[in-house]
Amino acid sequence: MRRHILSGLMLLAISAACVLGGCRDQANGGGAGARDQISVVGSSTVYPFTTMVAEQLVATDPDIPAPVIESTGTGAGMKLFCAGVGAAHPDIEDASRRIKASEYRDCAAHGVKDIMEVQVGIDGIAFAEAKNGPKMALTPAQLYLALAAAPGGKPNTRRTWRDVDPALPAIPIQVYGPPATSGTRDALAELILSKGCEQVDPAAHALAATNPDAHKALCTRVREDGAYIDAGENDNLIVQKLQSNPDAIGVFGYSYLDENAGAVTGVPISGVAPTYATIADGRYPGSRPLYIYVKKAHLAAIPNLRTFLKLYVASWGPDGPLVTRGLIAAPEAVRARAAQVVATEAVLDPAELK
C-alpha cells in the first residue's frame, strides 16, 4: 500500500504550474479545475484516519494522485480551510471538535458557504503516563487545580501533585499537551478543565453564560509557567517524552494511546480508564466526536473527492479498517446520519453552531 504525503510547498508549486498552463478552476466557476490532488488540513488526531483512507484511495488505482494531508491542528486548519474556494484552498478540514460559529462566519466572509459536516467517529482525550510511571489516577477537579492559570482567580502556584491533593505523589506537575491551535486543546478545556472548574467553584457554571471571557480566564486558560508543556502538533513526540520522563503525563487522542500501548498506559479520570468501550459508551469524561468538513463547491471540481468520501463511509464502522488504526466507531444512528450527508451532499445549517 502506497503512502505519499506531499508538502504544502509542493502543492502550491503544482497549483501554480497548472494555472500557468491555462487550467481553469471549476470550484471558482471555471471548467476543468486547477488541481487533481485532494487537499486536506487540520487535526493531528484525525490525521491518521484520513491518511488511511487516502492510502485506500491510491490502492484502488495507482494512477490516482496521492492526497495531500497536512497535520496543522484543528484551529490552524480552519483558518486555511475558510480562506477561500478554489484550487489554492483545501477541500477538507479534519477536526477534533465541531466548527465554531465564529469560524463558520469567517468561512462565509471568504465565500465558503456550502460546507458538509461529516462525523467520522469518536475519540477520547487520553491522559497517559509511561509504563514505569507513578500510576496516577486523577479527577477533572485535580487537573483543573494543576493546570489552570488562575484557579479561584489567583495565580497558580502549585508545583507538585501533592500541592493539588495530599493523596497524590510529591512529584512535579509536568503535563505534555497540544498547543492552543489544537482541537484536542479545545476539548481539554471544554470536557475536563471546565468541568473541574465548576466542581471546585459551582458559581462558574453561571459565569459561562453571563461573562464568557471571565469564565475562560477562570476555568480554561492554561498556565504558562512550565507545568503545562506545549509539545506541538506531533502526538508521537509526546509519547517519546513520556518514555524519557516517566514522572510526566501526556495528553493526546485515544488513537495514539492505543497505537503505543506497549510504551504508555492510560490514566483513569474519575475512576474510569480511557478504553475503546468506556469512550464509545460515554463513561470516560474525555469522549468527543471527530469530524471532517468538506467544501461542496469542490466536489465536482476535484477528481476523486466524492470517491474519497465514500471510502471514508465504508471504513468507519465497528469492523472497518479505521478502528484498527484507533478510531472508535460512532453509534449506528450517528453513522447513518453521516453517511446520508455524504450521499445527499447535504450542507451544514449554521444555526446549529455555538
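Just so you know, these numbers come straight off a predicted model, no measurement behind them.
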Give me each pair satisfying ring-ring contact (aromatic ring centres under 6.0 Å, His included) with a member in residues 210-261, each pair once, sequence neighbours excluded. none

Looking only at side chains, do [X] and [Y] share a donor and an acceptor under 3.5 Å apart?
X      : Y      : result
Asp247 : Gln174 : no
Arg288 : Thr45  : yes
Glu129 : Thr265 : no

Taking side-chain contact (heavy atoms from CB on, under 4.5 Å) as the definition, give me every residue that meets it alongside Ala189, ordered by chain and number, with sequence neighbours left out. Thr220

Give me the atom names and distance for the closest heavy-atom approach of Gln37 to Pro65. CG-CB, 3.6 Å

Separation of [Y] [atom2] from [X] [atom1] (nearest 0.5 Å):
X      : Y      : atom1 : atom2 : answer
Phe49  : Ile69  : CZ    : CD1   : 12.5 Å
Thr157 : Asp163 : OG1   : CG    : 7.5 Å
Leu145 : Thr139 : CG    : OG1   : 8.0 Å
Thr160 : Leu168 : OG1   : CG    : 9.0 Å
Thr307 : Ile302 : OG1   : CD1   : 13.0 Å

Tell me whether [X] is salt-bridged to [Y], with the criterion being a basic N under 4.0 Å from an acidic carboxylate O.
X      : Y      : value
Glu93  : Lys79  : no
Glu352 : Arg98  : yes
Asp225 : Arg159 : yes
Arg185 : Glu190 : no

Taking side chain to side chain contact (heavy atoms under 4.5 Å, CB included) as the criterion, tell me which of Val342, Asp91, Leu309, Val40 meets it with Val294. Leu309

Contacts of Glu345 that satisfy side chain to side chain donor-acceptor pair (under 3.5 Å) - sequence neighbours left out: Arg306

Is Ser255 close to Arg325 at the side-chain level, that is, under 4.5 Å between some pair of heavy atoms? no

Is there a side-chain contact between Ser270 and Pro140, using heavy atoms and a 4.5 Å cut-off? yes

Any sub-3.5 Å donor-acceptor pair from Ser287's side-chain atoms to Ile279's backbone N or O? yes

Does any N or O in the side chain of Ser194 come within less than 3.5 Å of the main-chain N or O of Leu191, such that one atom is a donor and the other an acceptor? no

Look at the aromatic rings of Tyr312 and Phe308 and report parallel, tilted or perpendicular, splitting at 30° and 60°. perpendicular

Identify which one of Thr74, Asp123, Asp186 satisfies the side-chain hydrogen bond (donor to acceptor under 3.5 Å, both in side chains) criterion when paired with Ser96. Thr74

So, Tyr291 versus Tyr293, ring centres under 6.0 angstrom or not? yes

Kindly confirm or rule out a cation-pi arrangement of Lys295 over Phe81, judged by NZ or CZ under 6.0 Å from the six-membered ring centre and within 45° of its axis? yes

Indicate if Val323 and Trp316 have the same hydrophobic cluster label, given that clusters are the connected sets of ILVMFWY residues with side-chain heavy-atom separations under 4.5 angstrom. no

